[in-house]
Asker: 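So that we are looking at the same thing, I have put the structure below in structure tokens.
No experiment lies behind these values; they were computed from the predicted model shown. Quick note: numbers below take in every heavy atom, side chains included, and nothing from hydrogens, waters or symmetry partners. Chain letters run A, B, ... following the sequence lines, proteins first and then strands; every chain starts at 1.
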There are 2 protein chains.
Amino acid sequence: MSQHRQPGAPGRAGAVPALPDLPEATVARLPEYLRALHNLADAGHETVSSEGLSAAAGVNSAKLRKDLSHLGSYGTRGVGYDVALLIEQIEYVLGLTQRRAVALVGVGNLGHALAGYDGFASRGFRIAALLDADPSRVGEEINGLVVRHVDELPAVATEESIAIGVIATPAAAAQRVADQLVSVGVTSILNFAPCVLSVPEGVDVRKVDLAIELQILSFHEHRKASLTALPATGGSALTALPGGLAATDTQEAIGT
Amino acid sequence: MSQHRQPGAPGRAGAVPALPDLPEATVARLPEYLRALHNLADAGHETVSSEGLSAAAGVNSAKLRKDLSHLGSYGTRGVGYDVALLIEQIEYVLGLTQRRAVALVGVGNLGHALAGYDGFASRGFRIAALLDADPSRVGEEINGLVVRHVDELPAVATEESIAIGVIATPAAAAQRVADQLVSVGVTSILNFAPCVLSVPEGVDVRKVDLAIELQILSFHEHRKASLTALPATGGSALTALPGGLAATDTQEAIGT
DNA sequence: AGGCGCTTGTGAAGACGTGCACAAATCGCG
DNA sequence: CGCGATTTGTGCACGTCTTCACAAGCGCCT
């Protein structure tokens, strides 16, 4: 509920307020555009039309134009967008002009993979610290970084100016880690643990839950199967999702 | 992990499980509810109010009630929802009553982690096959599964009745893998490669891009910083998203 | 039995996101 | 220099999602 409108900000010509407050949906797509633009730049393109870029990013072209218009981007009509310029603009808006330091907490299975994932480094982030609560993991070296104990977080945070914390611990430990991160001033958290984190206002949490993605796919799979299995018995509408269905396994597969 | 039958549920089963077509937003939240419900069940709760469940799942209670109403769920007014029954219903709708077989393609850094991630198994999925194109990786055993060559996909698909394919390859290889998955009949794909996949209609693709999440956080971080940096002085020289800002590093830090 | 407090389910309104379709702007060319 | 081809930026309409607010239903207590 903190929608502060800036009255008197003329907006168009000349000085613009700090950052245009973009729609969340737009923000979520900008990284995708950025990736597509980098590909285009590597391929030698100097300009690109909204049609071309939207295809490369997998979205509707009108949506792309509207997104870009939100950040006041200058394309040239009849020509398209300047690839290099657009990259700069998006990187600026996303705050990627500085390389942000990331602290990764939890060096288990997933943490290991994240520590070794080079997609972070190549896209403006620097994994600056690896932390774990398990003493037997402390001291291990991964990708040139030594795992330190999570209690050293305060020291690490000031040493490295940590901007973003990544939680890759088991769910049981996640809230405590989040609290620790918040207490050392981290205001952006990426949470891989399957649990809800409660954080004070002003702290952003994004969650990635691998199993949830599979479950969503499972739903669609289930629906597809039930549709092809049932021709057109338009009778029972909402159905009652019967109570005792635990026993009925592999229900959808049976065509009969 | 016990699924008890629900006493009191009328034996009025047998109704055709025509799935109500839920709003996408609802589908995306159901797994979250499910996780919260499992936690509640483990903690011994037999019923839960929409208020309690929504808090555990981190959403608005009205939204939760509407979501549940979409799948025709029966709560009891004045009491709440039966935890066990609701778990059954959601698992049924999500198609989790059968354990779906997942093929994981790409056993690099991330693939290794995914192969070892036990969150899949514990939530209704079975990693049935590991595949990779790199011959030096074929034969490796991970978590009790032997890595096979990706060209064996047709055989694997029929052997294991693969329902979902997970792509954890480099971006350059992802499209080819997707094509292969589609050609063996897989219609649900979870893509971790940072690229857009083109697939025929009827195939569902969900994408998880770890770097994108960080970039979104970076945007908010940037915005927070720029807000606190500019209290009131409307003049403010910078910003305006100038054309040549490539050189200006760490732009937002300037308070002055 | 009846009333009371609690909780669900939902109508309605508003916020948000999407996509079409077209005017405005720009370039290249004759 | 003007015209046509091209492409952006956006007004508008539509659909989806969210949130509020409240009537209807349920159990419990007296």
Asker: Does C/dC20 have OP1 or OP2 under 4.0 Å away from a side-chain N or O of A/Asn60?
Answerer: yes
Asker: Run the salt-bridge test on B/Asp204 and A/Arg223 with the 4.0 Å N-O cut-off and return the result as yes or no.
Answerer: no
Asker: What is the separation between atom CG on B/Leu86 and atom P on C/dT7, rounded to the nearest whole Å?
Answerer: 16 Å
Asker: Which whole-number value in Å describes the distance from A/Asp21 CG to C/dA15 P?
Answerer: 15 Å
Asker: For D/dC26, does either OP1 or OP2 sit under 4.0 Å from a side-chain N or O belonging to B/Tyr74?
Answerer: no
Asker: Rounded to whole Å, how long is the line connecting atom CG of B/Asp82 with atom P of D/dG27?
Answerer: 13 Å
Asker: To the side chain of A/Ser69, which of C/dG11, C/dG17, D/dT10 is closest?
Answerer: D/dT10
Asker: Does C/dT26 have OP1 or OP2 sitting under 4.0 Å from an N or O in the side chain of A/Tyr81?
Answerer: no
Asker: If we ignore hydrogens and angles and just use 3.5 Å, is the side chain of B/His220 paired with the main-chain N or O of A/Val203 as donor and acceptor?
Answerer: no
Asker: Any side-chain donor-acceptor pair under 3.5 Å between A/Ser188 and B/Glu221?
Answerer: yes
Asker: Less than 3.5 Å between a donor and an acceptor, one on the side chain of A/Lys66 and one on the base of C/dG19, is that the case here?
Answerer: yes
Asker: Please list, chain by chain and in numerical order, all residues satisfying side-chain contact (heavy atoms from CB on, under 4.5 Å) with B/Thr47, sequence neighbours excluded.
Answerer: B/Val79
Asker: Above 12 or not: heavy atoms from other molecules or residues under 6.0 Å from CD of B/Glu46?
Answerer: no
Asker: By nearest heavy atom, map A/Thr76 and A/Thr26 onto DNA chain C; which one lands nearer the 5' end?
Answerer: A/Thr26
Asker: Which atoms of nucleotides 21-24 of chain C (N or O only) lie under 3.5 Å from a protein N or O atom, and what are those distances?
Answerer:
from: C/dA21; atom 1: N6; to: A/Arg65; atom 2: NH2; distance (Å): 3.2
from: C/dA24; atom 1: N3; to: A/Arg77; atom 2: NE; distance (Å): 3.4

Asker: Could you state the CG-P distance from A/Leu53 to D/dG9, rounded to the nearest angstrom?
Answerer: 12 Å
Asker: It should be established whether A/Ser50 places a side-chain nitrogen or oxygen under 4.0 Å from OP1 or OP2 of nucleotide D/dT8.
Answerer: yes
Asker: To the nearest angstrom, how far is B/Leu68 atom CG from C/dT7 atom P?
Answerer: 16 Å
Asker: Whole-Å distance between D/dT7 P and A/Lys63 NZ?
Answerer: 21 Å
Asker: C/dT18 C1' sits how many Å from A/Asp67 CG, rounded?
Answerer: 10 Å
Asker: Could you grab the distance from atom CG of B/Leu94 to atom CG of A/Leu214, nearest 0.5 Å is fine?
Answerer: 11.5 Å
Asker: Among residues two or more places apart or on two chains, list those pairs meeting side-chain hydrogen bond (donor to acceptor under 3.5 Å, both in side chains) that have a residue in residues 26-35 of chain A.
Answerer: A/Thr26-A/Asp67, A/Arg29-A/Tyr33, A/Arg29-A/Asp67, A/Glu32-A/Arg35, A/Glu32-B/Lys207, A/Tyr33-A/Asp67
Asker: Would you kindly give the CZ-to-C1' distance between A/Arg29 and C/dC16, to the nearest whole Å?
Answerer: 12 Å
